Every structure is written in C-alpha cells, then in structure tokens.
Amino acid sequence: MTGAIHAEGLVKTFGEVRAVDGLDLDVPEGSVLGLLGPNGAGKTTTVRLLTTLLRPNAGIATVAGHDVVRQPDRVRLSIGLTGQFTAVDERLTGRENLCMIGELYGMRSRAARQRAAELLEQFDLVAAADRKSSTYSGGMRRRLDLAGALVVRPTVMFMDEPTVGLDPTSRLILWNAIEHLVETGMTLLLTTQYLEEADRLAQQIAVVDHGRIIARGTPQQLKAQSGHQRVEVVIARTEQIEHAVTLLAPFGTRRPEADRPRSRISVPVDGGVRLLLEIAAALDSAGVEITDIELRRPTLDEVFLALTHEAPHPRGTEDVAVPAGASSEKE
Ligand SMILES: Nc1ncnc2c1ncn2[C@@H]1O[C@H](COP(=O)(O)OP(=O)(O)O)[C@@H](O)[C@H]1O
Ligand SMILES: [Mg+2]
C-alpha cells in the first residue's frame with residue numbers, strides 16, 4: 001500500500017554534501033505532511049527530487065503512482081509546485097498570469113479564462129485581478145503563485161516554505177487558502193521552518209535534519225514523545241523560595257530550577273494532574289503560599305530543539321548507494 005507520495009532510501013549528494021541521506025516518506029492520499037527542518041536540512045532538495053527537478057543518486061520515489069525517474073512527465077502532469085520564489089510574471093496582470101498558465105498547459109482560451117476567474121475568486125484576488133502583478137504585495141504574489149499551481153488541478157501539491165518572509169496577516173490568509181485546498185481532498189507536502197505552521201496545517205510531521213528524518217508523528221505524538229513536561233510554581237513571597245525548592249525536589253525527575261526575580265520554580269516531572277495536586281498540597285501544608293501553579297507540556301518548538309540537538313549525524317561520504325528501504329532512521 002503506497003500513498004500519494006512515497007519515497008524509500010532517497011539519496012541526493014552534491015559533491016561531498018549528502019543533502020538528502022536515505023529518506024523514507026509515505027503520504028496517504030488527501031493528507032498533509034509537514035516536512036519540518038532547519039535551514040540546510042535538505043527540504044528543498046527533497047521537494048526537487050519528488051517534483052522531478054533533480055535525479056536521486058539512490059532510492060526510489062513515486063508521486064501519484066508514477067515513478068519520478070522513469071515517468072517524470074506523468075509526475076509533472078499530476079503535481080503543483082510553489083515555493084518561496086514565485087513564478088509570477090510581473091509584466092502581466094493577475095488574470096493574465098493565470099490564463100497564460102492554462103494556455104501553456106493546452107487549455108482552450110475560454111476554459112483558461114473560466115479557470116482563472118474561479119481561482120481569482122478562491123484566493124481573494126478579484127479586486128486586483130486586472131492590475132499588473134508588479135503592484136501586488138508579497139502576500140498577494142504568493143497567493144497568485146499558488147493559484148497558478150492549481151490551474152491544471154493537480155492531485156498532489158508541493159509547497160516549499162510557502163509563507164517564509166510574509167507578514168503575519170498575509171501568512172494567515174495563505175494558511176486559510178491552504179486549509180481550503182486540503183478540504184478539497186488534495187494531498188499536500190509542505191516544507192517549513194515554522195513549527196506553528198506545521199502544527200496548524202499538517203496531520204503528520206516529519207522532522208528532517210542533515211538529510212534524514214529524525215522523528216515523525218502527529219504534532220501531539222511528537223510533543224508527547226519528548227516527554228519534557230514540568231510543573232511551574234509561582235511563590236507569593238520570594239523569601240520562601242528556598243524552602244519551596246527543597247519541598248519540590250522529591251517530586252522531580254531532575255532538580256528544580258528557581259527563577260528568583262520572578263519567584264518562579266520549574267520542576268521536570270513524570271506524572272500528570274494528580275502529581276500537580278500532590279505538589280500543591282505539600283506546599284500548602286508547609287505554609288508556602290503560591291500564586292500560580294501549572295503543568296506545562298512541551299511546545300513543538302521545544303520538541304524540535306531537543307530533537308535537532310540530540311540527533312546523531314552519521315556523515316559517511318563513501319557509501320553513496322543506499323539500498324532502497326535500508327535507511328537507518330531514528331523513529
Ligand atoms: N545545487 C546545490 N549544489 C550544492 N549544494 C547544494 C545544492 N543544493 C543544496 N545544496 C546543499 O544541500 C544541503 C541541503 O540544502 P537544501 O535542500 O536547500 O536545504 P533546506 O531547503 O532544508 O534549507 C545544504 O547543505 C545545501 O548547501
Ligand atoms: Mg529550502
């Protein structure tokens with residue numbers, strides 16, 4: 001059973017650099033995968049391999065059921081691609097840009113105009129449709145670019161850092177547009193450095209670093225997996241902080257940390273709400289007054305930082321050929 005996007009043991013080297021280093025992916029039809037990773041992790045290279053713009057050194061990949069190496073034309077007819085660098089022609093209006101793409105793909109001009117009108121509506125560009133796109137804001141251009149990728153109704157969409165560099169409002173508008181697309185049943189692979197973006201848009205996240213997947217799961221699973229939850233207590237009277245630290249120590253999996261100026265103590269724990277209640281009771285019966293207590297679960301940011309710091313980075317340079325499915329990733 002293979003999904004709309006499937007890759008096994010994908011490798012791409014540039015000289016000594018193993019940009020993609022034995023990557024496995026499986027994206028079920030109609031779902032969204034967020035490929036999350038820092039700069040230089042290999043996200044763009046992965047997208048370029050899957051969209052037939054680069055040939056892999058090893059491994060296999062299929063998109064919409066077609067092999068990216070043996071059937072690149074078929075793959076190209078099934079996909080849409082947008083990235084941080086838009087393919088918008090500035091000399092043309094928004095409408096002309098979309099019509100041109102339709103005609104390039106062999107649509108009759110009437111059909112192309114009809115499709116352009118639909119997309120302008122869908123991406124909230126009707127008012128600006130007949131203005132030169134050189135007058136568009138960054139967010140509008142990004143939306144026009146996305147609309148352009150949808151002219152031929154692809155079944156699989158790739159978005160390489162779609163909102164990088166956008167202001168918060170434009171980012172929200174684009175997120176909404178992407179969510180609407182996903183509701184139509186499209187499969188989407190989206191790369192991002194923004195955890196918030198992956199958390200909001202993707203059902204599955206694969207964290208990539210040094211060309212390898214170092215973790216994958218739903219946003220919730222990734223948060224749970226890192227397991228760094230802690231109890232944070234704010235003490236009413238700063239002079240009680242030492243006493244409170246002593247009382248808290250037995251509850252923690254590691255030593256509590258005190259932030260004296262804020263009268264706040266943080267203690268890593270391995271337990272849920274019951275433990276929180278026990279801690280509150282222990283402080284209360286010892287006469288330590290608290291103004292706030294909370295159980296903090298890790299944010300995706302913390303998970304991401306923990307993963308990208310702790311991951312081993314085997315960087316062999318000799319064995320370029322990795323057999324399909326033989327990648328040694330850490331789940
Ligand atoms: N055309 C290229 N030539 C040489 N090195 C490249 C090329 N493209 C990417 N790289 C290198 O491959 C690694 C991964 O790059 P890239 O896929 O662009 O990462 P990301 O998109 O996650 O920032 C980086 O070390 C980058 O410098
Ligand atoms: Mg990139």
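What you are looking at is a predicted structure, and each value in this text was computed from that prediction instead of being measured. Indexing begins at 1, ligand by ligand and atom by atom, following the structure's order.
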Looking only at heavy atoms of Gly15, does any of them come nearer than 4.0 Å to an atom of ligand 1? no
Tell me, which protein residue and heavy-atom name are nearest atom 12 (O) of ligand 1, and how many Å apart are they? Ala19 CB, 3.2 Å
Distance-only polar pair, side chains of Thr155 and Ser78, donor-acceptor under 3.5 Å: no
Does atom CG of Asp130 have more than 12 heavy-atom neighbours, drawn from other residues, nucleotides or ligands, at distances under 6.0 Å? yes
Asn39 heavy atoms within 4.0 Å reach ligand 1 at atoms 23 (O)
How far is atom 8 (N) of ligand 1 from its nearest protein heavy atom, and which residue and atom is that? Phe14 CE1, 3.3 Å
Could you verify whether a donor N or O on one side chain and an acceptor N or O on the other, from Arg143 and Tyr136, lie under 3.5 Å apart? no
Is it the case that the side chain of Thr62 and the backbone of Gly65 share a donor-acceptor pair, with hydrogens and angles ignored and the cut-off at 3.5 Å? no
Can you find a side-chain donor-acceptor pair between Glu197 and Thr192 that sits under 3.5 Å? yes
Protein residue, atom and distance nearest to atom 17 (O) of ligand 1, heavy-atom basis: Thr45 OG1, 2.6 Å
Can you sort out which atoms of ligand 1 are near Val17, meaning under 4.0 Å from one of its heavy atoms? 12 (O), 25 (O)
Measuring to the Mg ion (ligand 2), does Thr191 have an N/O/S atom at a distance below 2.8 Å? no
Using a 4.0 Å cut-off to any heavy atom of Pro38, which atoms of ligand 1 qualify? 22 (O)
Gly42-ligand 1 polar pair, N/O distance under 3.5 Å: yes
Taking atom types as modelled, find out whether Arg230 and Ser266 have a side-chain donor-acceptor pair closer than 3.5 angstrom. yes
Side-chain donor-acceptor contact under 3.5 Å, Arg260 with Thr238: no
Arg115 to Tyr105 six-membered ring, cation-pi geometry met (6.0 Å, 45°): no
Does ligand 1 come near enough to Thr44 that some N or O of the ligand is less than 3.5 Å from an N or O of the residue? yes
Under-4.0 Å heavy-atom contact between protein and atom 26 (C) of ligand 1: no
Please say whether Gly40 places an N or O atom under 3.5 Å from an N or O atom belonging to ligand 1. yes
Could you tell me whether Lys43 and ligand 1 have an N or O pair separated by under 3.5 Å? yes
Residues Asp160 and Thr191: side-chain donor-acceptor under 3.5 angstrom: yes
